[in-house]
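Only this structure's heavy atoms are used, side chains among them; waters, hydrogens and symmetry mates stay out. The structure presented is a predicted model; accordingly, all values stated were derived computationally and were not measured.
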Amino acid sequence: MKKIAQAIVRLRKMILILAVLLLIPSAVGAIATRINYDILSYLPPELDSRVGQLILEDDYQLASTSMITVEGLPTHELLAMKQDIDAIPGVLQTFWLSDVVDPAIPVEMLPADVQKFLFGKNDSTILIVRLGGSSVSEETMEAVAQIKKVLRRDCFFGGISVIFYDTKALVTQEMPLYLLFGGGACLLILFLALESTITPLLFMLGLLFPLVYNFGTNFFLKDVCFITEALAAVLQLGVTMDFSIFLLHRYEEEKELASSNEEAMVNAICKTTTSISASSLTTIAGFLALCAMQLTLGRDIGVVMAKGVALGVVCTIVILPALILFFDKWVEKYRHRTFIPKLTRLSYFVSGHPVGVLIASIAIIIPFALAQGRTSVYYALFDALPQDMPGIVGVSKLGEDFGMVTNHFILVHDDLPASKVSALCDDIGELDGITQVVSLDAITGPGFPTEILPDGILEILQNAGYKLILANGAYKAGSDAVNAQVEQMIALVKAADPEGLVTGESAMTKDLVEIADNDFANVNVWSILAVLVIILISFRSLSIPVILVASIEAAIAINLGIPYFTGASLPFIASIILGTIQLGATVDYSILMTTRYREERALGRTPREAAQQALEHCSQSILTSGLTFFAATFGVAVISQIELMRSICLLISRGALISTVVILVVLPAALMLLDGLIRRTTLGWLPSAAPQMSEKE
């Protein structure tokens, strides 16, 4: 390692030039990376709801169908607007009454089903817009943007594609603010914690490289979820800042012993690489545990963040030393006193009252651990978006004027007799919460010559070997009521056609609910096991991994239990990924504390003295790291208008603080009281020359 470190120091100018040049292709790759705004597309592809969705998308081209609610617009203006929409590239069809009959015919003379489907309250009617691309394709997004421009007054544009378009616009608007507020908050903490005014700027500059590299290499993935895109920067910033702090502190120590700054940096790289690598492995393992999720969004977040941490380690070892040496004179020139102190008084209190500290901690943890399982979780993803978003308002208008809160799409084989299809529609229409059922056979009746209908109608209702049934419901997606409704609907469809499919937002959300609990359990088990194994290998101990992981799991339990007492409801994805992120990112603090405790015991100190010294000397580093992680994510929680982002970042930021407190207060007491157990279950815990703890101790 020493030869590598010497090469890094010797070739530092070349390294900086190469690092800057690599930013160019990385920036190009970041811009070219496709962002996916459809969380439901991450459901397992073998589910009936996903199979049906792909049929709608590929064969019916209905996956990106949107609705325009028009209130009080004269017919001639409506027809002119319809013509304008049809002329937009990417629009396959704008369906209205005029595609079937002369719109001059009085509404009262139309069939009841047609009246109910096309005309609603508030003198409203509905236009159905079929778009050619998938619900999140660039073609569809551009078409939505153009449609918005031609809409007249009192027109409300709703549908999944419209909501995705609005979400994309909002995330694009907020992303720079995430970096600005997260980075600014980190800088503030670093200015308070570090002795030089220049060092925080160097850290932020050093972290720019792995951030851009990470975003640039996302191009080689199929696509990246907007949640990953928005979270990756602030998470990587908060998680990998520790590595920079470790390197700087070691470099400052080595400068006092070495004959030159270059020699000091070589020694710092050699001594820091091992500790940084070991610490990063737990974080990487935590993120990779997300790949155990059935919802492949976990793999998306896990791979991107694990890659970001790995790049952060490499850049800390290779690029940051070059930056520190280059700006060393300025670092020395602009020094000031630090404002984050060592917690000396706390160290004496905890080491003097370990039993009381542990009993009080357990008493606090128990109610939160019990409450954790009772915290309310919601699955309706659109509830996590601003409710004044135009696409959300458009969907709300469909519910208000037409009772069309959700749309169910049912696919049955086209050889199913018309009489059975009509009977199935009648059965579905009798389900609680179903407001209307539309199908070709239900409208025309048995024996009707379908070839006389317009091609546009046939394309919508019969295609690719399937007949399509549309069912409108009054229940909200993700609610218990609609999940029960979908269950009943699936039973009816399977009885009529064993290979029939029920899809749409509600059916996919129901599947999401069912796999979320399994994902939560799988991710927790795999992340805990991975971290346990890494710590076991690092410390060669059976007891230390359990103690360290238990301390972080206690912090996680408190974090997830708080919403129960505050009456808050969490988005399902937040509860799944929070435990993994908090465990992987903050277990480093417990490793640092335990390593120092072992060093103090090896010097001959008693467990009480070792706990006091470990807490006192590690407190500044742990506080700085914890507060930096908190600051990076809390800034996003404050400014984001997207409830999903706000909830995730609030949980992570709060988790950073809770883990910091637990590691500083509970862990030293636990190490002190369990010293005998640790010694008996750990290989080489103390050198043979070190004094052993007496029974009295």
Hey, could you give me each pair passing salt bridge (Lys or Arg N to Asp or Glu O under 4.0 Å) that has a residue in residues 641-663? Not counting sequence neighbours.
Glu643-Arg646

Pairwise side-chain contact, Val303 with Cys291, heavy-atom cut-off 4.5 Å (strictly under):
yes

Compare every heavy atom of Val523 with every heavy atom of Ile576, then report the nearest pair and how far apart it is.
O-CG1, 4.0 Å

Which heavy atom of Ser590 sits nearest a heavy atom of Ile663, and at what distance?
CB-CD1, 3.5 Å

Tyr564 and Phe368 aromatic centres sub-6.0 Å
no

Show the atom names and distances, to 0.1 Å, of all donor-acceptor pairs under 3.5 Å that link a side chain in residues 26-33 to residues at least two apart or in another chain.
from  : atom 1 : to     : atom 2 : distance (Å)
Ser26 : OG     : Leu22  : O      : 2.9
Thr33 : OG1    : Gly29  : O      : 2.7
Thr33 : OG1    : Phe219 : N      : 3.2

Name all residues meeting the side-chain contact (heavy atoms from CB on, under 4.5 Å) criterion together with Thr273; count only those two or more places apart in sequence or in a different chain, and write none if there are none.
Met1, Ile269, Ser277, Ile317

Any residue meeting salt bridge (Lys or Arg N to Asp or Glu O under 4.0 Å) with Glu139, in chain and number order, not counting sequence neighbours
none

Quick one: list whatever passes salt bridge (Lys or Arg N to Asp or Glu O under 4.0 Å) with Glu142, sequence neighbours left out.
none

Is it true that Ser506 and Thr509 share a donor-acceptor pair across their side chains at a distance under 3.5 Å?
no

Ring-plane angle category for Tyr37 and Phe226, please: parallel below 30°, perpendicular beyond 60°, tilted otherwise.
parallel

Heavy-atom closest contact (Val51 atom, Pro45 atom, distance):
CG2-O, 3.6 Å

Which atom names give the shortest non-hydrogen contact between Thr586 and Ser659, and what distance separates them?
OG1-OG, 3.2 Å

Nearest heavy-atom neighbours spanning Phe157 and Ser66
CE1-CB, 3.5 Å

Go through the side-chain N and O atoms of Glu505 and His408 and say whether any donor and acceptor fall under 3.5 Å apart.
no

Quiz question: by atom type and distance under 3.5 Å, do the side chains of Thr406 and Lys476 form a donor-acceptor pair?
no

Quick one: list whatever passes side-chain contact (heavy atoms from CB on, under 4.5 Å) with Asn36, sequence neighbours left out.
Arg34, Asp38, Ser41, Tyr42, Val136, Asp223

Which residues pass the side-chain contact (heavy atoms from CB on, under 4.5 Å) test with Val513, not counting sequence neighbours?
Tyr379, Asn483

Is it the case that the side chain of Ser647 and the backbone of Leu644 share a donor-acceptor pair, with hydrogens and angles ignored and the cut-off at 3.5 Å?
no

So, does Thr296 use its side chain to make a donor-acceptor pair with the main chain of Arg299 at under 3.5 Å?
no

Side-chain donor-acceptor distances from residues 384-396 under 3.5 Å, at least two apart:
from   : atom 1 : to     : atom 2 : distance (Å)
Gln387 : NE2    : Phe382 : O      : 3.2
Gln387 : NE2    : Leu385 : O      : 2.8
Ser396 : OG     : Ile392 : O      : 3.0

With a 3.5 Å distance limit and no angle check, can you tell me whether Thr503 reaches the backbone of Ser49 through a side-chain donor-acceptor pair?
yes

As an exercise, state the distance from SG of Cys186 to CE of Met204, rounded to the nearest 0.5 Å.
5.5 Å

Kindly state each residue pair satisfying side-chain hydrogen bond (donor to acceptor under 3.5 Å, both in side chains) with at least one member in residues 225-238, sequence neighbours excluded.
Asn214-Gln236, Thr228-Asp300

Could you state the interatomic distance from CG (Asn522) to CD1 (Ile515), rounded to the nearest 0.5 Å?
10.5 Å

State, with a plain yes or no, whether a side-chain heavy atom of Leu92 is found less than 4.5 Å away from one of Val129.
no

Counting only N and O atoms by type, is there a donor-acceptor contact under 3.5 Å from the side chain of Gln582 to the main-chain atoms of Gly655?
yes

Sorted by chain and number, sequence neighbours left out, salt bridge (Lys or Arg N to Asp or Glu O under 4.0 Å) with Glu499 holds for none

Partners passing side-chain contact (heavy atoms from CB on, under 4.5 Å) against Leu201 (at least two apart in sequence or in another chain):
Leu187, Phe191

Could you check whether Asn524 and Thr580, counting side-chain N and O atoms only, form a donor-acceptor pair closer than 3.5 Å?
no

Report the distance from atom CG of Leu650 to atom CE of Met645, rounding to the nearest 0.5 Å.
12.0 Å

Of all heavy-atom pairs linking Cys649 and Val636, the shortest is SG-CG1, 3.5 Å

Parallel, tilted or perpendicular: rings of Phe209 and Tyr213 (30°, 60°)
tilted

Tell me, do Leu578 and Ile648 make a side-chain contact under 4.5 Å, heavy atoms counted?
no

How many angstroms lie between CG in Asp519 and CG in Leu295, if you round to the nearest 0.5 Å?
6.0 Å

Determine, for Glu514 against Lys510, whether the closest basic-nitrogen to carboxylate-oxygen distance falls under 4.0 angstrom.
yes

Which of Ile284, Thr283, Ile652 passes side-chain contact (heavy atoms from CB on, under 4.5 Å) with Val239? It is Thr283

Run the salt bridge (Lys or Arg N to Asp or Glu O under 4.0 Å) test against Asp166 and tell me which residues pass, sequence neighbours left out.
Lys148

